[in-house]
Number of protein chains: 2
Amino acid sequence: MLKKIDNLEKYLRDAGIKPSIQRLKIFEYLASTNSHPTVDKIYGALSSDIPTLSKTTVYNTLKLFQKQGIILIINIEDNETRFDADVSFHGHFKCIECGGVEDFPIPEHGKIEALIDYDISEKHFYIKGICANCKKTINK
Amino acid sequence: MLKKIDNLEKYLRDAGIKPSIQRLKIFEYLASTNSHPTVDKIYGALSSDIPTLSKTTVYNTLKLFQKQGIILIINIEDNETRFDADVSFHGHFKCIECGGVEDFPIPEHGKIEALIDYDISEKHFYIKGICANCKKTINK
DNA sequence: GTATCTGCAAAACATTTGCAATTCT
DNA sequence: AGAATTGCAAATGTTTTGCAGATAC
């Protein structure tokens, strides 16, 4: 769960990122949704708000955010890179019916870390299957 | 750990795959290495053996293998799709120094499944960090 | 002889790069 | 003014598609 950010400009500055309009809006959008959007989705969601926005800027910004550690890149499908403003360790569930991606908590992950004696910089866990909604629809 | 396959042709047939030369060699190569190779690596490794091999066939074959459930697609980096002939649940460790990907066992994964009440079709867990070898080199 | 499989060439798509214009301080 | 940021257009790289020839049953 992403913790509430009360001062977004400060949040970015503290991460070493100058808060331009584009950067603020991109992060704000990412933090406001739990849909784990792609570059295309982010661009589409903001281009009416910032008509001059370019995809290059979305790419640049997301790359910068990741470098500075305030977002995670989610690679579930090889043809679909998604982004998450919640950098705490949690699982991702992708529905193979509707394509949606949801979060789920992973309580006892200390045990997983104990399995590896290397230096860990990132941990990812994801599951694919059929979500509750699609399951209902299919059974009709 | 990939179980030993004594009759590869039968293994493919049982999975509903006609064992052409290309398919046999591609699976054989995938099962023989623990490097989790990319399409490019697979193609490069086999093209001297099968000079007429095309990348399209490698793509087609891997897609078929995945559909029939005898390989896994490993998405760790967004610009690098890797493949694994071991479809049992295990973790992947990617070294951010040397780029290598290793397997590691995940013993108590029943607990992870219990966290999700949806129908699960695939489970993936991966970690990034610095491998033992690179750690040694860096400390020099 | 009909189905399937293979592999070339072109197309499609996502991402990156070079660079000029813009913005910020 | 000087440095960083943005955004266009072109380049790159990977994967897919259309189709013709080869192979298998």
Side-chain angles (χ1 to χ4, degrees), chain A residues 8-10 12-13 15-30 36-68 70-83 99 101, chain B residues 8-10 12-13 15-30 36-68 70-83 99 101:
Chain A
L8 186 49
E9 290 204 21
K10 182 175 182 327
L12 293 188
R13 274 191 212 285
I17 298 161
K18 270 197 207 161
S20 70
I21 300 287
Q22 290 86 342
R23 290 169 178 178
L24 283 165
K25 297 269 189 186
I26 290 170
F27 191 86
E28 191 178 45
Y29 174 67
L30 212 50
H36 312 84
T38 59
V39 164
D40 233 55
K41 263 284 184 67
I42 297 167
Y43 175 75
L46 296 177
S47 57
S48 63
D49 196 3
I50 315 171
T52 61
L53 184 66
S54 82
K55 262 189 200 173
T56 303
T57 298
V58 179
Y59 278 107
N60 288 341
T61 301
L62 292 169
K63 185 161 283 184
L64 176 66
F65 285 175
Q66 199 230 356
K67 190 172 139 238
Q68 300 304 109
I70 64 166
I71 65 168
L72 287 180
I73 296 183
I74 305 174
N75 291 304
I76 297 180
E77 309 290 350
D78 47 2
N79 59 351
E80 165 183 282
T81 305
R82 291 166 174 262
F83 301 87
V101 174
Chain B
L8 186 50
E9 290 207 19
K10 183 175 181 330
L12 294 188
R13 275 191 211 285
I17 297 160
K18 270 196 210 163
S20 70
I21 300 289
Q22 289 87 342
R23 291 169 176 177
L24 283 165
K25 296 270 188 183
I26 290 170
F27 191 87
E28 191 179 45
Y29 175 67
L30 212 48
H36 312 86
T38 60
V39 165
D40 233 55
K41 264 284 184 67
I42 297 167
Y43 174 76
L46 296 177
S47 58
S48 64
D49 196 3
I50 316 171
T52 61
L53 184 65
S54 81
K55 263 190 200 172
T56 302
T57 298
V58 179
Y59 278 108
N60 288 341
T61 301
L62 292 169
K63 184 161 286 186
L64 176 66
F65 285 176
Q66 199 230 355
K67 189 171 139 239
Q68 301 305 107
I70 63 166
I71 65 168
L72 287 181
I73 296 183
I74 304 173
N75 291 305
I76 297 180
E77 308 291 349
D78 47 1
N79 59 351
E80 165 183 281
T81 304
R82 291 165 172 264
F83 300 88
V101 174

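These numbers come from a predicted model, not from an experiment. Atom set for the values below is all heavy atoms of this structure, side chains included, hydrogens, waters and symmetry mates excluded. Chain naming here is simple, since letters A, B, ... match the order of the sequence lines and numbering starts at 1 in each.
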Asker: Counting primed atoms plus P, OP1 and OP2 as sugar-phosphate and everything else as base, spell out the protein contacts along nucleotides 20-25 of chain C at 4.0 Å heavy-atom distance: B, S or - for each nucleotide, 5' to 3'.
Answerer: ------

Asker: Please give, in whole Å, the distance from C:dA14 P to A:E77 CD?
Answerer: 14 Å

Asker: Please report the closest heavy-atom contact between B:E80 and B:T38, naming both atoms and the distance.
Answerer: CG-CG2, 3.9 Å

Asker: List in numerical order all residues of residues 49-65 of chain A for which some heavy atom is under 4.0 Å away from an atom belonging to DNA chain D.
Answerer: A:T52, A:L53, A:S54, A:T56, A:T57

Asker: Within this structure, what is the CD-to-P distance between B:E80 and C:dT15, rounded to whole angstrom?
Answerer: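 The answer, rounded to whole Å, is 15 Å.
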
Asker: Taking the side chain as everything from C-beta on, heavy atoms only, tell me whether B:F83 gets closer than 4.5 Å to B:I73.
Answerer: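 Result yes, sub-4.5 Å side-chain heavy-atom pair found.
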
Asker: Over how many whole Å does the gap from B:N75 atom CG to C:dA14 atom P extend?
Answerer: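 That distance rounds to 15 Å.
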
Asker: List the residues meeting salt bridge (Lys or Arg N to Asp or Glu O under 4.0 Å) with B:E28, not counting sequence neighbours, and say none if there are none.
Answerer: none

Asker: Send over the distance from A:I73 CD1 to C:dA14 P, rounded to a whole Å.
Answerer: 16 Å

Asker: Rounded to whole angstroms, how far apart are CD1 on A:I42 and P on C:dT15?
Answerer: 11 Å

Asker: CZ of A:R82 to CD1 of A:I42: how many Å apart, nearest 0.5 Å?
Answerer: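 Here the interatomic distance stands at 10.5 Å.
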
Asker: Search all heavy atoms of B:V58 against all heavy atoms of B:I26 and return the closest pair with its distance.
Answerer: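 Closest approach of B:V58 to B:I26: CA-CD1, 4.0 Å.
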
Asker: Of all heavy-atom pairs between A:L24 and A:P19, which one has the smallest distance, and what is that distance?
Answerer: CD1-O, 3.8 Å

Asker: Send over the distance from B:K25 NZ to C:dT6 P, rounded to a whole Å.
Answerer: 14 Å

Asker: Not counting sequence neighbours, which residues clear salt bridge (Lys or Arg N to Asp or Glu O under 4.0 Å) with B:R23? List them please.
Answerer: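 Checked B:R23 against salt bridge (Lys or Arg N to Asp or Glu O under 4.0 Å); zero matches.
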
Asker: Do any side-chain atoms of residues 60-68 of chain B form donor-acceptor pairs under 3.5 angstrom with protein atoms, and if so which ones, sequence neighbours left out?
Answerer:
unit_1	atom_1	unit_2	atom_2	d
B:N60	ND2	B:T56	O	3.4
B:T61	OG1	B:T57	O	2.6
B:Q68	NE2	B:A15	O	2.8

Asker: Going 5' to 3' on DNA chain D, which nucleotide is the first and which the last to come under 4.0 Å of a heavy atom in chain A?
Answerer: D:dA4 to D:dA9

Asker: In the strands shown, is C:dA3 matched to any nucleotide by a Watson-Crick or G-U wobble pair with both distances under 3.5 Å, and which?
Answerer: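 Base-paired to nothing in any strand shown.
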
Asker: Mind checking who D:dT23 pairs with, Watson-Crick or G-U wobble, both distances under 3.5 Å?
Answerer: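 Partner of D:dT23: none found under 3.5 Å.
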
